[in-house]
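Worksheet for the structure shown next.
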Amino acid sequence: MSANVSMRDALYEAPGPKTRRRVAIGTGVSLVLLVALIAFVIRQFYINDQLNPKYWSFFTRWTTWRFLLRGMFGTIKVALMAGVIAMALGLLLMLGRISPNKALSAACHVAIDLFRSLPSLLLIYFFFLVIPKYGIKMPAFWMITVPVALAASGVLAEVFRAGVNAVPKGQTEAAMALGMTHGKITRKIVLPQALKIVIPSLVSQLVVVVKDTTVAYVVSYPDLMQNARVLISNYDALVSMYFVVALIYIAINYATNQFSIYLAHRQGTQVISRTSENPI
Amino acid sequence: MPTETATPVIELRHVDKHYGPLHVLQDINLSVAKGEVLVVIGPSGSGKSTMCRTINRLETIDSGEILIEGQLLPQEGKELAALRAKVGMVFQSFNLFAHKTILENVTMGPIEVLHTPKAQAEAEAMELLRRVGVDTQAAKVPAQLSGGQQQRVAIARSLAMHPTAMLFDEPTSALDPEMINEVLEVMVELAQQGMTMVVVTHEMNFARRVANRVVFMADGQIVEQNTPDEFFDHPQSQRAKDFLDSIKGH
């Protein structure tokens with residue numbers, strides 16, 4: 001059973017004949033509008049000479065693609081590293097926040113809110129402009145990866161916390177009744193179940209990380225966006241290049257989303273069984 | 001019949017608890033002797049579940065004292081955990097660890113809390129699962145079992161800690177009718193083997209059959225307590241009479 005279908009069944013009643021007719025009309029109208037919009041875009045491209053082969057012919061050259069692919073791998077490298085750091089840091093921040101130690105909990109709460117509310121560009125400027133003033137030199141890779149990871153860690157900490165809160169209270173109570181201590185209950189009972197619940201959301205958060213990496217040009221790190229800028233100035237082909245780069249970003253994020261849907265789907269049975277075990 | 005000369009296994013002295021303006025436990029005094037089976041009954045909202053849960057501090061209390069084997073219940077930390085380990089608890093909603101197999105559910109306490117070697121814990125767990133009749137399900141996860149089976153596993157999980165007393169918080173209330181008896185049978189057997197038990201339940205037949213004493217609670221107070229025969233046949237208070245009349249319909 002797909003999660004989408006069950007969600008739709010839960011939220012909407014089955015359409016009757018009138019609704020079905022309205023849906024059919026709506027679908028037809030939107031299709032026509034969509035075709036018109038695409039035609040309009042192509043026409044504008046044509047009028048503004050953007051379909052001129054000089055803006056597109058260099059895409060037939062392998063060197064162009066090699067340069068773009070290098071950029072893409074740069075983006076993926078930063079996104080993956082930032083994602084891994086953000087997950088580890090987010091998990092630690094969340095554990096600190098739910099700790100019975102009041103001071104630690106307050107400190108982690110502040111850190112989470114701080115990282116969540118600061119724009120990643122501001123964090124990047126901090127690592128790019130402020131930190132070097134104090135004699136700390138970082139490679140460009142880390143100047144983009146660390147701030148992006150920090151910005152994401154605050155959000156991920158909250159995702160983890162939502163997962164912990166989603167574990168039924170009875171699980172903790174049963175562990176307490178066995179005489180397990182807070183740390184052991186967290187490690188053995190709560191976290192394993194919470195992680196299972198949040199893994200799909202964590203992976204889809206990676207989409208945000210990927211998008212955050214686009215400001216890598218600030219630190220001159222050769223990611224997809226930066227390499228695209230180089231090609232744009234070489235070939236003077238702004239629109240066509242951004243068009244292709246957008247498609248690549250969409251492909252990366254689409255793949256990421258599909259992966260998270262796959263993970264959610266694979267765990268579907270477990271998630272359902274969890275609720276049926278605790279009927280209240 | 002158990003006597004009350006020795007130190008009670010469980011003792012509540014002047015226990016009070018509020019939920020905001022609601023006085024849910026009012027000056028509760030109760031002691032449970034070794035081997036005694038105490039059944040707590042009363043209308044919903046009477047505080048019987050809350051009282052049961054204060055005994056291993058799943059609910060805190062505002063004032064009064066709770067003693068386990070003469071030892072004051074610690075308020076937190078390792079000492080509290082150690083005392084909880086001695087008191088088994090069976091919940092209305094089973095609360096088996098959803099991500100663990102049946103066998104792992106039963107070995108979790110001994111391995112993590114008592115530091116029993118894994119092989120020994122597993123052998124003991126299998127023996128307990130056999131005793132409650134679910135040993136063939138050992139490799140499954142809780143969601144694959146029926147409610148009755150899950151609750152019997154929950155009882156085995158508690159027994160694996162070799163508890164000095166066991167608390168049952170409405171253990172059959174979440175079960176389909178045809179599964180209630182298989183759980184009650186296990187509890188009857190436990191009672192006959194001399195386990196000290198506090199049972200919050202609506203199962204009057206169980207109370208009549210195995211309870212040494214019935215405690216009737218209403219509005220956060222213990223209204224009366226007596227042997228089951230005396231209580232069911234000659235309730236003293238008007239509230240107990242009303243309550244018994246109201247459930248006689250079934």
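Residue numbers start from 1 in every chain, and the chains themselves are labelled A, B, ... in the order their sequence lines are given, proteins ahead of strands.
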Considering only distance and modelled atom types, tabulate donor-acceptor pairs under 3.5 Å from the side chains of residues 194-201 of chain B, sequence neighbours left out.
from: T196(B); atom 1: OG1; to: G35(B); atom 2: N; distance (Å): 2.8
from: T201(B); atom 1: OG1; to: E203(B); atom 2: N; distance (Å): 3.0

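- Residue Q75(B) places its CD atom among 12 or fewer non-hydrogen atoms of other residues, nucleotides or ligands, all under 6.0 Å distant.
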Donor-acceptor pairs under 3.5 angstrom involving side-chain atoms of residues 72-90 of chain A: please list them, not counting sequence neighbours.
from: T75(A); atom 1: OG1; to: G71(A); atom 2: O; distance (Å): 3.3
from: T75(A); atom 1: OG1; to: L224(A); atom 2: N; distance (Å): 2.9

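- Against chain B, the residues from residues 174-189 of chain A that qualify, each with a non-hydrogen atom under 4.5 angstrom away, are A174(A), A175(A), M176(A), A177(A), L178(A), G179(A), M180(A), T181(A), K184(A), K188(A), I189(A) in number order.
- Proximity to chain A (any heavy atom under 4.5 Å) is restricted, for K100(B), to the side chain, taken from C-beta onward.
- Residues passing the side-chain hydrogen bond (donor to acceptor under 3.5 Å, both in side chains) test with R53(B) are E173(A), E59(B), sequence neighbours excluded.
- Each of H99(B), M161(B), M108(B), Q144(B) has some count of heavy-atom pairs under 4.5 Å with chain A, and the biggest count is that of H99(B).
- In the displayed structure, E65(B) atom CD is contacted under 6.0 Å by more than 12 heavy atoms of other residues, nucleotides or ligands.
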